[in-house]
Amino acid sequence: MPAPRPRPRATPSRRRAPQRRRRPTDARPVPISLPASTDAVTHADALRAELSRAARTLGAPDDVSPILERPRDPSFGDWATNLAMTLAKPLGQKPRDIAEALIAAMDKASVGVIAAEIAGPGFLNFRLDPGFQARGLLTILESPDTFGRLDIGHGERVVVEFVSANPTGPLHVGHGRQAALGDAISTLLEYTGWNVDREFYYNDAGAQIANLAKSTQAQVRAIGGAPLEIPEGGYHGDYIREIAERYVAEHPDDAAGDNLAAMQAFAVAALRHEQDLDMQAFGVKFDTYYLESSLYTDGSVNKTVEGLKASGHTYEEDGALFLRTTDFGDDKDRVMKKSAAKGGDYTYFVPDVAYHVTKWERGYHRAINVQGADHHSTITRVRAGLQALNIGIPTGYPDYVLHQMVTVMKGGEEVKISKRAGSYVTVRDLIDEVGRDAVRYFYLMRKGDSQLVFDVDLARSQSEENPVYYVQMAHARMCGIFRVGEIDATTVTGQGVDLGVLSEPAEQELVKQLLDFPATVKGAADNLEPHRIAAWLLETARAGHTWYHKHHVLGEPEAITRARLVLARATQLGIAAGLRILGLSAPERM
RNA sequence: GCGCGUGUAGCUCAGUUGGAUAGAGCGUCUGCCUCCGGAGCAGAAGGUCGCAGGUUCGAGUCCUGCCAUGCGCACCA
C-alpha cells in the first residue's frame, strides 16, 4: 500500500505564513452613510403583485398576500407559492383547479415568467427568464448604498441599550456578545429606516459601587502598609490594586485612604475609561452614556417613587416599601425601598424604572434592551413599574433581546467568570488574540438565544480557517478581478449589456442569492436577529467562490465579460453591504 | 417547585414564520493548482430533528405531557 500523499493544506508553500498576513481586522470599520431609503421593487415583489391581482380576479379577498419562496430543489424553478392551497378554503375549490385558473389569469410576460407549472398538492412553480432576473442586479450597481434598505421605521426614533456594565471591572466576553449584538441590531434598524441611538447605561450608584470604593480603599491602605482586608462582597481583581496605586500617586494628601468618596469617583472614572477603550477596540460607538447617579441628582428617582405611591400600587410591610408587581403579572411583589434596618436604600429596580421613564420622555417610543438572560427577571419588574405609573407607556415597553450565556474554554477547561474572584477573559483579550472581525463574526453567527461556547485556544489556533475569512476572501476575490483587469469597478454599469448571457447554473444561483438580500435584511430586522445576515453572507460567499472557480470573467468574449463584470461587481457590493451591517471590514485584498 | 431558554450529522450550529428529497462549517475520507489568488473548488460518508401523543392535505417548525440541560427565582445588581 503506497504511503498517503501529504495533504496540500499541510504544505507550507501553498500558503503564506500567517505572520506575514495583515489581519483584515486592522482595517478601520467603514461608517455607514444613511442616504434616503428607497423601496426598490424586486422582481419577487412584482411577481407577488401580479399573483395578487390574478387571485383577486378569481374572487380572492383584497388583502391576499401570496408567500413566495425559493424551492429547495432548483428543478422546481425559481419561485414557488402555495397560494392555490391557501385559497382552497375561501374559494371552495380544489387547489389544483385554482392553480390552473391563476396561471391563466396572470400576465406572465410582464413579470418575466417563462414557465409556470402545478406540482404536488397545488404548488405553483415559476421559472423566470434568466436575463429578466439578472437585471435585478442593476439596482445594486446603481445605488449600492441603498441596496437592501427599507423604510419600515419611517425615521422614528428608537434607543438600543446594550453592554450597560457596572463600572466595577473590565468588560468580559459576555459583554462582548452584547456589544456585537447591540451594534448589529442598531445598524439593522438604521438600514430599515429607523433613527437609532446607541445607549450605554452606567450603574454608577448603589451597593456594587460602594463595594468598589471599599475594595479600592483596602488596597490603598495595604499600599500604606496595613494588612490587606478586602471587604465582604468586594472585588479581588488585580486591576483594583492598579487603580489604588494610581490613586495614591495622584492623591498624596490621602495616603491613609480616608476619603472614600474621592476613591469611589477615582475608581469609577478609571474603569469607565477602560471600558470605553474596550468598546473602541471593538469598533462600537455609543451616542449616549446615561448615568444612574444622575437619576438621583436630577430628582427622577424621587419623582418615580412619588408617582408609584400615588398610583395606589404600593404598600408598606415590615418597614419596607413594596410595589404590588403581582398586579402586572409578577409572581411576587417587589421591595422598592429597604427597611431602615437594612439601610433604607432603594432597590435597583426603582432607578431602572425611572431610567425607562426618561427613555419614553426623551421621545423614544420604541426601546430595545440587549441583555444577558441572567437578567431576565428584571423584565417583568421594569414593565410592571412603568404600567403602575399609568403615564401612557404601552405594555410591551421596552423590548428585550436576551442572549444566553457565553462560557469560555481555555486550556481545555471552562474559565469561571467572576469579577469578584478576579478570574475572567476580557473582550480585549479576545480581540487581541483572534482579531476584531473574527470575534464579531463568531458572536453574530449564532442566534442570541442559544448558548455560546467560546474556546479561546480553538479560536486562536483555527483563526486561519475562520469562516469570516471565507466571506472576506470572496469579497477580495471580486475586487481582484477588477484589479487584474485594470478596471475601475465604480464605472461598471449595465449600459448596453445583455445579462441574458448569465445562463450558467452557478451564475443563476449567485444572482438569486444576491437578490435575496433585501428579504434577508427585512427578516433580520423584523426579528432583531443579525445572525441571518451572517448566514446569508456565508451562502453568498459560497455561491461566489463556486462561480469564480467555474467561470472566468476576464478574457472571455466581450459580451460575456461585460455581463460577468456586472455580476462580479454586484457580488462585491452585496457582500460588502452584509459585512458592514455586522460591523466587519470588507478588505479589497487579503 | 416556579419562570425564561435550549435539545437537529462525530463537534459547533442554521433551517426563509406550516411546505416538496432536513442544510452549512469544522472534523473524517477521495479527487483538483500552466488558470481573474488553492484562505479555494468538486465529490463521499455521516440523521428515529430528545421521547410520546395531538392539530391538518402537510409538522424540525404550532398544542399538550414527559425526559435532559442552561440561566433566574434577595430588603444583590
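Lettering follows sequence order; numbering is per chain, from 1. These values consider heavy atoms only, across backbone and side chains, with no hydrogens, waters or symmetry-generated copies.
- Shown here, B:U16 is classed anti by the O4'-C1'-N9-C4 or O4'-C1'-N1-C2 angle, which is more than 90° from 0.
- For B:C73, the base has no donor-acceptor partner in the side chain of A:S377 [N/O atoms by modelled type, under 3.5 angstrom].
- Within the nucleic acid shown, A:A341 has no heavy atom closer than 4.0 Å to any nucleic acid atom.
- Note: A:Y201 and A:Y290 have tilted aromatic rings, judged against thresholds of 30 and 60 degrees for the angle between ring planes.
- The side chain of A:M473 has B:G37 as its nearest neighbour among B:A14, B:G37, B:C36.
- B:U12 is paired with B:A24 under the Watson-Crick or G-U wobble criterion, all donor-acceptor distances under 3.5 Å.
- Picking from B:C13, B:C73, B:A77 the nucleotide with the shortest atom distance to the side chain of A:S450 gives B:C13.
- Distance OH (A:Y441) to P (B:G25): 11 Å, rounded to an integer number of Å.
- Among A:R127, A:R70, A:K512, the single residue meeting the salt bridge (charged side-chain N to carboxylate O under 4.0 Å, His left out) criterion with A:D78 is A:K512.
- The CH2-P distance, from A:W536 to B:G15, rounds to 17 Å in whole Å.
- Across all strands, A:G480 comes closer than 4.0 Å only to sugar-phosphate atoms, never to a base (heavy-atom distances).
- In this structure, A:V553 reaches the bases: a heavy-atom distance under 4.0 Å links it to at least one base atom across the strands shown.
- Judged by atom type and distance alone, A:D516 does not reach the base of B:U16 through any side-chain donor-acceptor pair under 3.5 Å.
- With B:G37, B:U17, B:A74 as the candidates, the nucleotide lying closest to the side chain of A:M590 is B:G37.
- Residue A:D352 is out of contact with every strand shown, counting any heavy-atom pair closer than 4.0 Å.
- When both pairing distances are held under 3.5 Å, B:A45 makes no Watson-Crick or G-U pair with any nucleotide shown.
- Across all strands shown, A:A80 has heavy atoms under 4.0 Å from base atoms, whether or not it also approaches the sugar-phosphate.
- When the P atom of B:U8 is taken as reference, atom CZ of A:R446 falls 13 Å away, rounded to whole Å.
- Taking atom CG of A:D330 as the reference point, atom P of B:C4 lies 12 Å away to the nearest angstrom.
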Full working for side-chain contact (heavy atoms from CB on, under 4.5 Å) between A:D437 and A:S585: CA-CA 7 Å; A:D437 282 356; A:S585 62; 2.5 Å; yes
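- Contact annotation for A:T347: backbone-only contact, meaning every heavy-atom pair under 4.0 Å involves sugar-phosphate atoms and none involves a base.
- For the pair A:L128 and A:H43, the minimum side-chain heavy-atom distance is below 4.5 Å.
- Residue-level contact check: A:R334 touches neither bases nor backbone, having no heavy atom under 4.0 Å from any strand.
- Listed nucleotides: B:U17, B:C36, B:G70. Nearest to the side chain of A:Q404: B:G70.
- Nearest to the side chain of A:H376, among B:C41, B:G37, B:G72, sits B:G72.
- Closest to the side chain of A:N203, from the set B:C35, B:G19, B:A77, is B:A77.
- Contact check for A:H551 versus A:E556: no side-chain heavy atoms found under the 4.5 Å cut-off.
- Note on A:H375: a base of the nucleic acid sits closer than 4.0 angstrom, heavy atoms only.
- Judged by Watson-Crick or G-U wobble contacts below 3.5 Å, the nucleotide B:A52 has B:U64 as its partner.
- Nucleotides B:U6 and B:A14 have their P atoms positioned 10 Å apart, rounded to a whole Å.
- Under the Watson-Crick or G-U wobble criterion, with both distances below 3.5 Å, B:G58 is left unpaired in every strand shown.
- Put simply, CZ on A:F442 is 14 Å from P on B:G25, counting in whole angstrom units.
- Summarising the base pairing, B:C75 is matched to no nucleotide, lacking a Watson-Crick or G-U wobble pair whose two defining distances lie under 3.5 Å.
- Atoms OH (A:Y348) and C1' (B:C73) sit 11 Å apart, rounded to a whole Å.
- Residue A:H552 is classed as a base contact, given a heavy-atom separation below 4.0 Å to a base.
- Remark: B:G38 base-pairs with no nucleotide in the shown strands. Criterion, Watson-Crick or G-U wobble with two distances under 3.5 Å.
- Side-chain atoms of A:D449 stay outside donor-acceptor range of the base of B:G5, with no qualifying N/O pair under 3.5 Å.
- Using N1 to N3 plus N6-O4 or O6-N4 for Watson-Crick, or N1-O2 and O6-N3 for G-U wobble, each under 3.5 Å, B:G18 pairs with nothing.
- Among the protein residues, A:D318 comes within range of the nucleic acid bases, having at least one heavy atom under 4.0 Å from a base atom.
- For B:G5, the paired base is B:U69 (Watson-Crick or G-U wobble, both distances below 3.5 Å).
- Nucleic acid contact class of A:N125 (heavy atoms, under 4.0 Å, all strands): base.
- Using a 4.0 Å heavy-atom cutoff across all strands shown, A:M478 reaches no nucleic acid atom at all.
- Rounded to whole Å, the P atom of B:A52 lies 13 Å from the corresponding atom of B:G60.
- A centroid separation of 6.0 Å or more is found between the aromatic rings of A:H403 and A:Y443.
- Summarising the geometry, the separation between CZ on A:R542 and C1' on B:G40 is reported as 13 Å, rounded to the nearest angstrom.
- Between A:H356 and A:N369 there is a side-chain heavy-atom pair separated by less than 4.5 Å.
- Residue-level contact check: A:Y548 touches the bases, meaning some heavy atom is under 4.0 Å from a base atom.
- Going from atom CD1 of A:I98 over to atom C1' of B:C57 covers 13 Å, rounded to whole Å.
- Under the 4.5 Å side-chain criterion, counting only non-hydrogen atoms from C-beta, A:M336 is not in contact with A:K309.
- The A:F123 side chain lies nearest to B:A20 when the options are B:A20, B:G40, B:G5.
- Taking the six-membered ring wherever Trp is involved, the centroid distance between the rings of A:Y400 and A:H375 does not fall below 6.0 Å.
- Of the candidates B:U17, B:G72, B:A42, B:A42 carries the atom nearest the A:T546 side chain, counting heavy atoms from C-beta on.
- Using cut-offs of 30° and 60° on the angle between ring planes, the pair A:F322 and A:Y315 is parallel.
- In this model, no side-chain donor or acceptor of A:D374 finds a partner on the base of B:A77 within 3.5 Å.
- Distance from the side chain of A:K447 is smallest for B:G15 among the nucleotides B:A77, B:A20, B:G15.
- At the heavy-atom level, A:F482 lies nowhere under 4.0 Å from the strands shown.
- Comparing B:C41, B:G19, B:A77 against the side chain of A:H549 picks out B:C41 as the nearest.
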